[in-house]
Amino acid sequence: MFNSYNLDEIRDRGRAAFVGMAIGDALGATVEFMTAPEIAAKYGIFRDIIGGGWLRLKPGQVTDDTEMALCIARAIVKSQAWSLEAIAANFAAWLKSRPVDCGDTCRKGIRSYMLHGTLETPLNEWDAGNGAAMRILPAVLFSLPDEQLLKKYAIEQAHITHNNPVSDAACVCLGQMLHLAICGAEKSRLRRQADGLVARFPTFAFEPYRGLATGYVVDTMQTVFHWFFRGKSFEECLTGTVNQGADADTTGAICGMLAGAYYGMDGIPRRWIKKMDKAVIAEIEQLADKLLEACPLGGNYR
Ligand code: MN
Ligand code: MN
């Protein structure tokens, strides 16, 4: 059955998803917590990776979104297995390293692991931030193309910090869309997946678009869906997304993984890749390859 998969293309799209995530994070971080009118007044259309922002970043520097995904990816590759313990240990080491940023819900979950060894935070109707969805990609690559495995990984990694049905639904839907995009699905197919989420959870409806891009996972996903389905290129999808402001590094990271998976490495503007730290991009590409080599498709992948 694996003959129907184009393995070179999957490798390219998997890498592009991970690189796209980092680029969206680095691009959006400059305008995080600004409003769309503030961005328009300052930049016209904001479209370059220049660093700065409230975190005073270097151009191309990534934030917690990319760093937490790297924690998960490194844990899987090192263990050559799905190990929540290894993932949580990497989160803990990362938090101790004084990262440039960390969301409140993530911090709370990681601290609970550090103090009590907790790998699943209790169900909480308020923990519907985007902090679990933003770091979904390693679970997506490592489960390809098994949808049941994807659901297990997506939700287990989420529950280290976020145990909430709305967050879970967003994580699983985003993961399924990424599986499809990495395997070469058209946007119409991805759209059906997003529409399925809206049918089950009408709060995610993104037409008409409300223009909210906060860290609430519903606002985040509405913004990503709106601009991903409207954009005609990686650059258009990302630019539209981050110019909404608010949680722009995280909407940028999520749209970047989706648009990267869809458009592939050739779709990512060179001028954006050049602004990124070369060592970070090299590690990301290597981790993407290793996650795919170890995924259920992996035996066929080499
Ligand atoms: Mn961030
Ligand atoms: Mn953010």
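The figures here come from the full heavy-atom set of this structure, side chains too, leaving out hydrogens, waters and symmetry mates.
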Q | Heavy-atom side-chain proximity of I50 to Y43 below 4.5 angstrom | A | yes
(Q) Between D48 and K275, does any NZ, NE, NH1 or NH2 come within less than 4.0 Å of an OD or OE carboxylate oxygen? (A) no
Q. Should I39 and F33 be regarded as members of a common hydrophobic cluster, given that ILVMFWY residues are connected when their side-chain heavy atoms come within less than 4.5 Å of each other, either directly or indirectly?
A. no
**Q.** Spacing of CD belonging to E32 relative to CG belonging to L57, to within rounding of 0.5 Å
**A.** 9.0 Å
Q: Would you please indicate yes or no on a ring centroid separation below 6.0 angstrom for F228 and Y262?
A: yes
Q: Any chance you could lay out the side-chain contact (heavy atoms from CB on, under 4.5 Å) test for I110 and W94, step after step, and finish with the verdict?
A: CA-CA 10 Å; I110 297 167; W94 168 74; 4.0 Å; yes
Q: In sequence, state the C-alpha distance, the side-chain angles, and the governing distance for E285 and F18, and then conclude on side-chain contact (heavy atoms from CB on, under 4.5 Å).
A: CA-CA 7 Å; E285 291 189 339; F18 219 141; over 6 Å; no
(Q) Show the nearest heavy-atom pair for residues A170 and V217, with the distance to one decimal. (A) CB-CG2, 3.6 Å
Q) Does a side-chain heavy-atom distance below 4.5 Å link I23 with I273? A) yes
Q. Between V172 and A154, which heavy-atom pair has the shortest distance, and what is it?
A. CG2-CB, 4.4 Å
**Q.** Donor-acceptor contact below 3.5 Å, side chain T223 vs main chain L212
**A.** yes
(Q) Quick check: closest heavy atoms across T63 and V100, and the distance to 0.1 Å? (A) CA-CG1, 4.1 Å
Q) Do the side chains of E283 and R74 get nearer than 4.5 Å, heavy atoms only? A) yes
Q | Expected output: side-chain D12 to main-chain M265 donor-acceptor under 3.5 Å | A | yes
**Q.** Contact check, side chains of E85 and L119, non-hydrogen atoms, under 4.5 Å
**A.** yes
Q) Does F142 have K290 sitting over its ring (NZ/CZ under 6.0 Å from centre, angle to axis within 45°)? A) no
Q: To the nearest 0.5 angstrom, please state how far the CG atom of L7 sits from the SG atom of C183.
A: 9.5 Å
Q) Do other residues, nucleotides or ligands put more than 12 heavy atoms under 6.0 Å from the CZ atom of R111? A) no
Q: For the pair L190 and Q193, evaluate side-chain contact (heavy atoms from CB on, under 4.5 Å) and give the outcome as yes or no after the intermediate values.
A: CA-CA 5 Å; L190 304 183; Q193 206 69 30; 5.5 Å; no
Q: Starting at NZ of K151, measure out to SG of C171 and round the result to the nearest 0.5 Å.
A: 13.5 Å
Q. Is any side-chain heavy atom of M221 closer than 4.5 Å to a side-chain heavy atom of V218?
A. no
Q) How far does OG1 of T250 sit from CE of M134, to the nearest 0.5 angstrom? A) 6.0 Å
Q) Does I155 share a hydrophobic cluster with V140, counting links as ILVMFWY side-chain heavy atoms below 4.5 Å and allowing steps through other members? A) no
Q. Going by heavy atoms in the side chains, are W82 and L149 under 4.5 Å from each other?
A. no
Q) Any salt bridge between D104 and K108, counting N to O under 4.0 Å? A) no
Q. Side chain of S143, backbone of A139: donor and acceptor closer than 3.5 Å?
A. yes
Q. With no hydrogens and no angle check, is any side-chain donor or acceptor of H162 less than 3.5 Å from a backbone partner on A128?
A. no
Q. With a 4.5 Å limit on heavy-atom distance, are the side chains of W54 and M34 in contact?
A. no
Q) In a check of side-chain hydrogen bond (donor to acceptor under 3.5 Å, both in side chains) between H159 and each of T118, D127, D168, which one passes? A) D168
(Q) Using only atom types and a distance under 3.5 Å, with no angle test, would you say the side chain of T251 pairs donor to acceptor with the backbone of A248? (A) yes
Q: State plainly whether one hydrophobic cluster holds both W227 and M177, where clusters connect Ile, Leu, Val, Met, Phe, Trp and Tyr through side-chain heavy atoms under 4.5 angstrom apart.
A: no
Q) For I136, which of I254, L150, L178 qualifies under side chain to side chain contact (heavy atoms under 4.5 Å, CB included)? A) L178
Q.
Please report the interatomic distance CE(M68) to CD(Q157), rounded to the nearest 0.5 Å.
A. 8.5 Å
Q: Kindly work out whether a path of hydrophobic side-chain contacts (I/L/V/M/F/W/Y, heavy atoms less than 4.5 Å apart) joins M276 to L55.
A: no
Q) Is the backbone of I72 close enough, under 3.5 Å, to the side chain of N90 for a donor and an acceptor to pair up by distance? A) no
Q) What are the two closest non-hydrogen atoms of P296 and P145, and how far apart are they? A) CB-CD, 4.2 Å
**Q.** Cationic N near anionic O, under 4.0 Å, R135 to D65
**A.** no
**Q.** Donor-acceptor contact below 3.5 Å, side chain T220 vs main chain T214
**A.** yes
Q) Do R271 and E235 pass the salt bridge (charged side-chain N to carboxylate O under 4.0 Å, His left out) test, and can you show the C-alpha distance, the side-chain angles, and the key distance before you say yes or no? A) CA-CA 11 Å; R271 75 174 204 284; E235 182 167 351; 3.2 Å; yes
Q | Salt bridge R11-D8, side-chain N to carboxylate O under 4.0 Å | A | yes
Q) With respect to L287, which candidate in L292, I76, L70 satisfies the side chain to side chain contact (heavy atoms under 4.5 Å, CB included) definition? A) L70
Q) Does any N or O in the side chain of D249 come within less than 3.5 Å of the main-chain N or O of G28, such that one atom is a donor and the other an acceptor? A) no
Q: Could you tell me which non-hydrogen atom of Q244 sits nearest to which non-hydrogen atom of A213, and how far apart they are?
A: CB-CB, 3.9 Å
Q: In sequence, state the C-alpha distance, the side-chain angles, and the governing distance for N124 and N164, and then conclude on side-chain contact (heavy atoms from CB on, under 4.5 Å).
A: CA-CA 6 Å; N124 183 329; N164 176 280; 5.8 Å; no
(Q) One thing to verify: whether R210 and D219 come together as a salt bridge, which I'm taking to mean a side-chain N less than 4.0 angstrom from a carboxylate O. (A) yes
Q.
Using ring centroids (six-membered ring only for Trp), state whether F206 and F225 fall under 6.0 Å.
A. yes
Q. Would you call R13 and E9 a salt bridge, taking side-chain N to carboxylate O under 4.0 Å as the test?
A. yes
Q | K187, NZ atom: more than 12 neighbouring heavy atoms under 6.0 Å | A | yes
Q.
Whether R230 and E207 form a salt bridge (side-chain N of Lys/Arg under 4.0 Å from carboxylate O of Asp/Glu) is what I want to check.
A. no
**Q.** Donor-acceptor pair, side chain of E156 and main chain of Y153, under 3.5 angstrom
**A.** no
Q: With rounding to the nearest 0.5 Å, note down the distance linking CD1 in I160 to OG1 in T121.
A: 10.5 Å
Q. Is any side-chain heavy atom of F46 closer than 4.5 Å to a side-chain heavy atom of L27?
A. yes
Q: Heavy atoms only: give me the nearest A261-I182 pair and the separation to one decimal.
A: CB-CG1, 3.7 Å
Q: For the residue pair Y209 and H226, categorise the inter-ring angle as parallel (less than 30°), tilted (30 to 60°) or perpendicular (more than 60°).
A: parallel
Q | Backbone of G60 reached by a side-chain donor or acceptor of W272 within 3.5 Å | A | no
